[in-house]
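Beneath this line is the structure, given in structure tokens, with notes to follow.
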Amino acid sequence: MAGNRQIRALNVAEKPSVAKAVSGILSRNQARVREGRSRYNKIFEFDYTIRGQPIHMLFTSVTGHLMELEFDDRYRKWHSCDPSELYQAPVRKTVPQDKLDIKRTLQQEARSCQWLILWLDCDREGENIAYEVIEVCTEANRNMNTWRARFSALIDRDIHEAVQNLDRPNQSFSEAVDARQEIDLRIGASFTRFQTMLLKDAFHFDFATEDRNLILSYGPCQFPTLGFIVERYWEIQAHEPEEFWTINCSHNSEEGTANFSWMRGHMFDYTCAVTIYEMCVEEPTATVTMVRQQEKLKYPPYPLSTIELEKRASRYFRLSSEHTMKVAEELYQSGFISYPRTETDSFSARTDLRAIAQEQQAHPVWGPYAQRLMDPEADLWRNPGNGGHDDKAHPPIHPTKFSAGESGWSQDHHKVYELVVRHFLACVSQPAVSAETTVEIDIAGELFSACGRVILAKNYLDVYRFDTWGGSFIPTYMLGQQFAPTTLTLDSGVTRPPPLLSEADLLSCMDKAGIGTDATMHDHIKKLLDRFYATKDANTRFSPTNLGESLVMGYDDMGYELWKPYLRSKMEDDMKAVSLGTKRKADILASCLQEMKACFLDARLNKVKLFEAMGIFFDRTNRTGAEEQQTIGGVVRRCGLCQQADMVLRRRQDGKFMVGCLGYPQCRKVVWLPGSISEAAVTSNTCNVCSPGPVFLIQFKFRRLEIPPNYSVDHLGCIGGCDDTLRQLTEICGTGPRNPPGTSASVRGQAPTTTSGRQAPTTTSGRQAPTTTSGRNPASNVQRGVCSHCRQTGHSSNGCPSQVSTSGRARSRATNHTNGGSSVPCNSCGEPCELRTANTANNRGRQFYSCQSQECRFFVWEDTINDGGVGQNASHTNARGSNATSGRRGGRGRGRRGGGGGGRGNDTTFVSATGEPVSGRRCFSCGDPSHFANACPNRGM
DNA sequence: GCAAGGTC
């Protein structure tokens, strides 16, 4: 028991492993351990002397953040408020249920301590967690003296130095995180609620969701991640193959064959390539102009960070980043590898690297390599490179305990452990060495080169089996030597689109753009799969789903870059400024939220873009969410029926004004307003009669000609029941707008509860008629009279021709399959055309027929067929809105050659697609074997 | 039912 005067200090680390490690170092493994209330977070006790003062140390931990940011209860339910209110709704930080045990331990121990020493990780999040711990501890003991221990690695000297030089917590760092949390929460929740409520019931989604609760989430990290996938997918779709040309030369000698490649690379201009080729063929003697011999090194990788671990495990073993992290976490928990969430890719000079390598000498497979590494005579050891990243909290991932495999390990545990060990051994090894020979030759003024490589020492490649470095042979050449090429060919190739993004590519994109952290990137990727936004194929390559693509397309069509990484990057810059103290938290919060709220409101105004984009892929249902009604003002009052949500002023698409519950469709409370209103806006004035309050007054403007002369056009009214004027006008005018001439009342039908005009604004039951149930519902009149899809009369939306093709449209976009039923024959070859969907800025989603044969350049927009558009459009416009005669559909090379000014002879005369030697000497231009194109009499015609 | 960030 500590003496009366001895100070008791409560030490708190970010995770149990750090509490254990630091206690071990400070107590020289003499600490006593006891249980706390949380089974993971033990308490270590020992005595220690800080600057000559004996201290009794209690050392425990949290598990990451202790608190969560959330909206006040009033705003927690999805229908409780207009999502735009989430930009101002009050938020609070609370300790969630599963962290209450840790909170109780901290408070209990804090009561007996005078000092609080914070050992959280030395990054912004760590600083923020420090303040969470301070808040909880000072709640129990107001008089604690609070200190911050700053350490950069869990090694003796750092830890002792940290505790002897205690500092104070840095509020700016913590505030940067507070701002980040608040922005993420407000943006994420508002857009997620908006998107989900707008779209989830409005379309038939073609993917199976056992879980009825489809959530179309938006997040400042998940959307840019999706954006990378969609962008690459679009790049591939937009790719037009382009033919190019290259000249290759080979030479067989007694020693073997050398293959020389053209130093110009390739040319897209066939005529130009052929002219050069003809010059070479005319004077084919090759002269060696350079022979260079060089020693080349291939360096081992930098020490292993989390992102590199994820990327490499994906590349080498095709493990998902999420699974890799799960396995790595288990290896870490059981002590085989170091902490797996680290940005650091350089070892501290004080790490005993040799001891780590030494442990691996017993391994049956890579043990001999480790032994060689330890042997000074082998000269294999090398201090590892520095990748330039240091999170100041954790070392690079490395093995911490030898294992030749444990009985409980899965294949993947073996793989990840092997990767960590081999990577570490590679890092501390010499680079591989090769001798490379480069030979350059000149044929008729054109330069060609060939390269050979002999591996002199594999070094790290011996242990890092994942890296390869191929050798290649080249015969000996002397400077000035001349020879006749064995083959000299003009070969064609075609440009290819880039591949879909692999998981490693995606991680690189995120890393570069600062999306997520080492500990969360894999979560964002997994979330895209969970939300049906993207899929991953067997080669770990990602494609967007129709849902993911249409969401991005919708925002893109609005002109918003919500799906690009810039928003996150800007936020990250702001966070940095706050942590450095150059900007204030309140300022960046205000500006960012203001900007995002404006963006949100604008996106909501432009929601038709989202509908249009979704409509390309999915069939509409006839259900509408409350979001489809225009919210034109703020909250009028709390709903008296469900008592859970607000009533807001709305204007329906048919022009009717109403005050409806945000809980719709669960709560159908509605107050219909007079049909003679031209404008209405909620004011900040409240009614002092109606209760329960507050009931905000609405400023109305009525159409003069639709109200009796004794009523004023302007009226500040209350919907709470006290307003006689409003009630009278409702009775006089009814609640629907007047129909324009020519539109029958049955088409613009009013709800049964309102046509009589008997419903007073004070009606409390105020049930809105369901829009889908029975023939009594006038909404069905609308369906019968006018197609809700194409707005034409004469058929319902179910029988709408354009509607019928929607599902075909959706599929054809993804698969470009032929729409069998209604195909159009090619006007050139007569074969049925393929129905495809355009993906250009001007015509995205528009369908067109094109001939499957690349020879026929037949093309027609699907929506112009009935207008006789086949003949008109086919000849001059293709799906990308460009001129078809430029040959874009047929490939640029083909078009150039077909329509080129110089004419052409036999394409194959000088071309050897199979790589065979050139067949003969013949003019490219006229085909005459007596001369070459550059001397052709027809030249220039 | 929503975000992203910690970590078990």
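Values in this document were obtained by computation on a predicted structure and should not be read as measured data. Each chain gets a letter, A, B and so on, in the order its sequence line appears, and its residues count up from 1.
OP1 or OP2 of B:dG6 has not a single side-chain nitrogen or oxygen of A:T63 nearer than 4.0 Å. Between A:R568 and B:dA3 there is no side-chain N or O to OP1 or OP2 distance below 4.0 Å. In this model, the phosphate group of B:dT7 is approached by a side-chain N or O of A:R341 to a distance below 4.0 Å at OP1 or OP2.
Evaluation of the side-chain hydrogen bond (donor to acceptor under 3.5 Å, both in side chains) test over residues 96-106 of chain A, restricted to residues two or more places apart or in two chains, returns A:D101-A:R104. Counting only residues at least two apart or in different chains, salt bridge (Lys or Arg N to Asp or Glu O under 4.0 Å) contacts with residues 510-528 of chain A comprise A:K526-A:D530.
Residue A:I525 comes nearest to A:L507 through the heavy atom pair CD1-CD2, 3.8 Å, listed as atom of the first residue, atom of the second, then distance.
Judged by distance alone, with hydrogens and angles left aside, the side-chain atoms of A:N11 form a donor-acceptor pair with the main-chain N or O of A:L58 at under 3.5 Å.
Using a 4.0 Å heavy-atom criterion, one finds that A:R531 contacts the sugar-phosphate atoms exclusively. Within 4.0 Å of A:G126, counting heavy atoms only, lies no atom of the nucleic acid at all. Across all strands shown, A:L69 has heavy atoms under 4.0 Å from base atoms, whether or not it also approaches the sugar-phosphate. Among the protein residues, A:Q181 comes within range of the nucleic acid bases, having at least one heavy atom under 4.0 Å from a base atom. Counting non-hydrogen atoms under 4.0 angstrom, A:Y218 reaches the backbone sugars and phosphates but no base. Note on A:R186: nothing from the nucleic acid sits closer than 4.0 angstrom, heavy atoms only.
For A:K99, taking side-chain heavy atoms from C-beta onward, the closest of the listed nucleotides B:dC8, B:dA4, B:dG1 is B:dC8. The side chain of A:D184 lies closest to B:dA3, out of B:dA3, B:dT7, B:dG1. With B:dA4, B:dG5, B:dC8 as the choices, the nucleotide that has an atom nearest any side-chain atom of A:K527 turns out to be B:dA4. When distances run from any side-chain atom of A:T192 to the nucleotides B:dA4, B:dC2, B:dG6, the shortest one goes to B:dC2. Comparing B:dG6, B:dG1, B:dT7 against the side chain of A:K200 picks out B:dG1 as the nearest. For A:T196, counting side-chain heavy atoms from C-beta on, the closest listed nucleotide (B:dG1, B:dA4, B:dT7) is B:dG1. Side-chain atoms of A:T517 lie closest to B:dG5 of the nucleotides B:dG5, B:dA3, B:dT7. Distances were taken from every side-chain heavy atom of A:E14 (C-beta onward) to each of B:dG1, B:dA4, B:dG6; the shortest belongs to B:dG6.
The interatomic distance linking A:F191 (CZ) with B:dG1 (C1') rounds to 18 Å, in whole Å. A:Y40 places its OH atom 16 Å from the C1' atom of B:dG6, with the value rounded to the nearest Å. We find that OH of A:Y87 is positioned 14 Å from P of B:dA3, with the value rounded to whole Å. Between A:R76 atom CZ and B:dG1 atom P there is a gap of 10 Å when expressed in whole angstrom units. Atom CG of A:D523 and atom P of B:dA3 are 11 Å apart (whole Å). What separates CD1 of A:I187 from C1' of B:dG5 is a distance of 15 Å, to the nearest Å. Whole-Å rounding puts the A:I515 CD1 to B:dA4 P distance at 10 Å. When rounded to the nearest whole Å, the span between CZ of A:F173 and P of B:dG6 equals 14 Å.
Residues A:K15 and A:D121 are paired through a salt bridge, judged by an N-O separation under 4.0 Å between the basic side chain and the carboxylate. Looking at A:D82 and A:R193, no side-chain N of the basic residue comes within less than 4.0 Å of a carboxylate O on the acidic one, giving no salt bridge.
Between A:H524 and A:Y75, the one whose closest nucleotide on DNA chain B sits nearer the 5' end is A:Y75. Sequence order on DNA chain B of the closest nucleotides to A:N41 and A:E125 puts A:E125 first from the 5' end.
Less than 6.0 angstrom separates the ring centroid of A:Y339 from the ring centroid of A:H394.
Stacking between A:W78 and B:dG1 is shown: the ring centroid lies under 5.5 Å from the centre of the six-membered base ring, and the planes differ by under 30°.
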